[in-house]
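Here the structure is a predicted model, which means the values were calculated and not measured. Chain letters run A, B, ... following the sequence lines, proteins first and then strands; every chain starts at 1.
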Amino acid sequence: MARVRFVQRDGTEKNVEIGSSISVMMAAVRNGVRGIDGECGGCLDCATCHVYVDEAQAGLVPPPTEDEIELLSNVTAPRRSNSRLSCQIKIPSSIDELIVFVPENQS
Amino acid sequence: MSGLVVIGASYAGIQSALSAREAGYADNITVVCDETWLPYQRPPLSKGFLLGTTGEDNLVLRDEAFFKNERIDLVLGHRAVGIDPRARQIEVDNDATLTFDKLVIATGSRARRISAPGAELDGVCYLRSVADAIDLKARLAQAAEVVIVGGGFIGLEVASSAAKSGKKVTVVESMTRLLERAVCPLVSEFLHATHRQSGVEVLMGETVIAIDGASGRVAGVTLASGTRLPADLVLVGVGGIANDDLACAAGITCTNGIVVDEHGRTGHQDIYAAGDCANHYSRFANGWVRLESVQNAQDQAKAAGLAIAGSHGPYDAVPRFWSDQYSVKLQIVGLSAGHDRTAVRGSADDGRFTVFFYRNGKLIAADSINRPGDQMAARRLIAAGLSPTPEQAEDPSFDLKSLVKAIETINV
Ligand SMILES: Cc1cc2nc3c(=O)[nH]c(=O)nc-3n(C[C@H](O)[C@H](O)[C@H](O)COP(=O)(O)OP(=O)(O)OC[C@H]3O[C@@H](n4cnc5c(N)ncnc54)[C@H](O)[C@@H]3O)c2cc1C
Ligand code: FES
């Protein structure tokens, strides 16, 4: 099982074990990670699952689709090059640990 | 045992408990729910779950570890049957009594039943819970002809899932257009056409007066016009009713739901309500509304959780909703009732457009079909009280983001 390290803006962290079939958003919601709402359950409708993937790892997860890019275009927290919707990210088998940063607010 | 007691373990109930914890509430928290499942997602029940693309595993929202970590006692499979506000006690159906310092009523809503003769026949279904969905899915697999009573969100989503699985589907809607209260005519028409193209027949302005059966099982429906439609499965989706009975019986003010303020507080100092069962005053509605959406349940419950922990964060989010049918992504932000002008960006012919709604020159809502970028911009503009002119909204070369950027500059 891989792990996701959720880092909050105040530096606090939560490490969560994650199976290969569930998304980073779902892992966050199931474990009560603050600041990730995941309202739509991952249907690319809500954009309340915005995270920043650790810059060094941004290239290790598959790129966003058109819809994801459109949703990211107007998220409330600053949009950065490593901004992603965490419901679209599953952990590739090549990674043991993914580090994501939780933004200050969701849309 | 006292502390916080929550009735209902779905979006609103769990969010209120979690927000209270996060804001430092240190006492006991007990959540009672009459369903036996761990908290799960309802929206996929009419969508991916029926289609088989979302499995039971993926429905679960919060697992045992969550409750352990957050120190929340979860009591499943038991129903609260009485609230005594003076004694601060909840009576549960297993004869247990729970004492509370603070109470959250998050009992949600239930499917409105139809009263036509034959409504009790086997094969007449409703969709609210995962148990309903498991049953519906099994029946759908066996069915050939499906009649959907009600062209609302749940009816249309089930129609889409059933048509995708190759069933003959007929939707019977009593109004003159689909989703009449929720979306504008252009969106209704677009969805109608999409259903038609997928082989779904939609009958408008028709009501079901009887459900016909043979040997206790449904065999068809009779419409007011006299038309008879054969059916081996009937799904009724004619709206929801707030589960406010417990609160009413306890003397808490209810008018189409439990009446709450911007902190989710009822007329009783220590009793809160949130989600589908609550009615609140919304500046986006210019009045009182009871909303049935995940966003409303979560955001209202956050406000209640904060207030319970002695913190402050009133509910003031722009309402939003979504619906997925076939490959159509419908997203709605704001409440369009009372609009006096619309502007359309994109075109229905391309299957991608947004309708912007204005009242007195102010942007109040937007319905988007397959234009998530517009929807996100509209969300932020409405929240900030900024309006593009209708001409700007219609002009595809006008960058809505430029106005959003202005908000960011103001906020810096
Ligand atoms: C099929 C379907 C599709 C939907 N699709 C969407 C969508 O696409 N987008 C969207 O935003 N919303 C959608 N919704 C609406 C959304 O699911 C609801 O708004 C949301 O679930 C409301 O959450 P809640 O916590 O207020 O209430 P609920 O989810 O209704 O939960 C209330 C819980 O309390 C329990 N309860 C009730 N009374 C008692 C009692 N006396 N004692 C103990 N327990 C009790 C109930 O059994 C239930 O488990 C959909 C709903 C359904 C049914
Ligand atoms: S959870 Fe809704 S877009 Fe990711």
Check your understanding: Does the B/K329 side chain pair with the main chain of A/L44, one donor and one acceptor, at a distance under 3.5 Å?
Key -> yes
Check your understanding: Can you tell me how far the CZ atom of A/R30 sits from the CG atom of B/L38, to the nearest 0.5 Å?
Key -> 9.5 Å
Review point. So A/E39 and B/Q41, side chain to side chain contact (heavy atoms under 4.5 Å, CB included) or not? Walk me through it.
Key: CA-CA 9 Å; A/E39 241 168 66; B/Q41 308 182 57; over 6 Å; no
Practice item. Decide yes or no for A/D37 and B/K302: does some side-chain heavy atom of the first lie under 4.5 Å from some side-chain heavy atom of the second? Key: yes
Practice item. Answer with side chain, backbone, both or neither: which region of A/I69 has an atom nearer than 4.5 Å to a non-hydrogen atom of chain B? Key: neither
Practice item. Kindly check if the number of other-residue, nucleotide or ligand heavy atoms within 6.0 Å of CD (B/E64) is above 12? Key: no
**Study point:** A/E55, CD atom: more than 12 neighbouring heavy atoms under 6.0 Å
**Key:** no
Check your understanding: So which part of B/D324 gets closer than 4.5 Å to some heavy atom of chain A, the side chain, the backbone, both or neither?
Key -> side chain
Point to revise | Nearest-0.5 Å distance, OG1 of residue A/T76 to CZ of residue B/R379 | key: 7.5 Å
Practice item. Could you tell me whether B/D350 atom CG has more than 12 heavy atoms of other residues or ligands within 6.0 Å of it? Key: yes
**Study point:** Nearest-0.5 Å distance that lies between atom CZ in B/R62 and atom CG in A/N31
**Key:** 9.5 Å
**Study point:** Between CE on residue A/M26 and CG on residue B/D63, distance to nearest 0.5 Å
**Key:** 10.5 Å
Exercise for review: Determine the minimum heavy-atom distance between A/C43 and B/W322, stating which atoms define it.
Suggested key: SG-NE1, 4.4 Å
Review point. Can you check whether B/E22's main-chain N or O pairs, donor with acceptor, with A/R34's side chain at less than 3.5 Å?
Key: no
Check your understanding: Which region of B/K68, side chain (C-beta onward) or backbone (N, CA, C, O), has a non-hydrogen atom less than 4.5 Å from a non-hydrogen atom of chain A, or is it both or neither?
Key -> neither
Point to revise | Trace of the side chain to side chain contact (heavy atoms under 4.5 Å, CB included) decision for B/Q295 with A/C46 | key: CA-CA 9 Å; B/Q295 172 274 321; A/C46 72; over 6 Å; no
**Study point:** Spacing of OG belonging to A/S23 relative to CG belonging to B/N58, to within rounding of 0.5 Å
**Key:** 7.5 Å
Check your understanding: At a heavy-atom separation under 4.5 Å, does A/T48 approach chain B through its side chain, its backbone, both, or neither?
Key -> side chain
Review point. For A/G32 and B/E70, which heavy atoms make the closest approach, and how far apart are they?
Key: O-OE2, 4.1 Å
Exercise for review: Answer with side chain, backbone, both or neither: which region of B/Q331 has an atom nearer than 4.5 Å to a non-hydrogen atom of chain A?
Suggested key: side chain
Point to revise | Crowding at CG, A/D10 (>12 non-hydrogen neighbours, <6.0 Å) | key: yes
Exercise for review: Answer yes or no: is there an ion pair linking A/E70 with B/R371, defined by an N-O contact shorter than 4.0 Å?
Suggested key: no
Practice item. Measure B/V318 against the heavy atoms of chain A and call it side chain, backbone, both or neither at under 4.5 Å. Key: neither
Revision key, fill the gap. Correct closest heavy-atom pair for B/K401 and A/N74 would be CG-OD1, 3.1 Å
Review point. For the candidates B/L330, B/N69, B/V60, B/N370, which exhibits the highest count of non-hydrogen atom pairs separated by less than 4.5 Å from chain A?
Key: B/V60
Check your understanding: What pair of heavy atoms forms the shortest contact from B/G373 to A/S73, and how long is it?
Key -> CA-OG, 4.1 Å
Review point. Crowded around A/R79 CZ? As in, over 12 foreign heavy atoms under 6.0 Å?
Key: yes
**Study point:** Interatomic spacing from CG in A/L72 to CE in B/M376 - rounded to 0.5 Å
**Key:** 8.0 Å
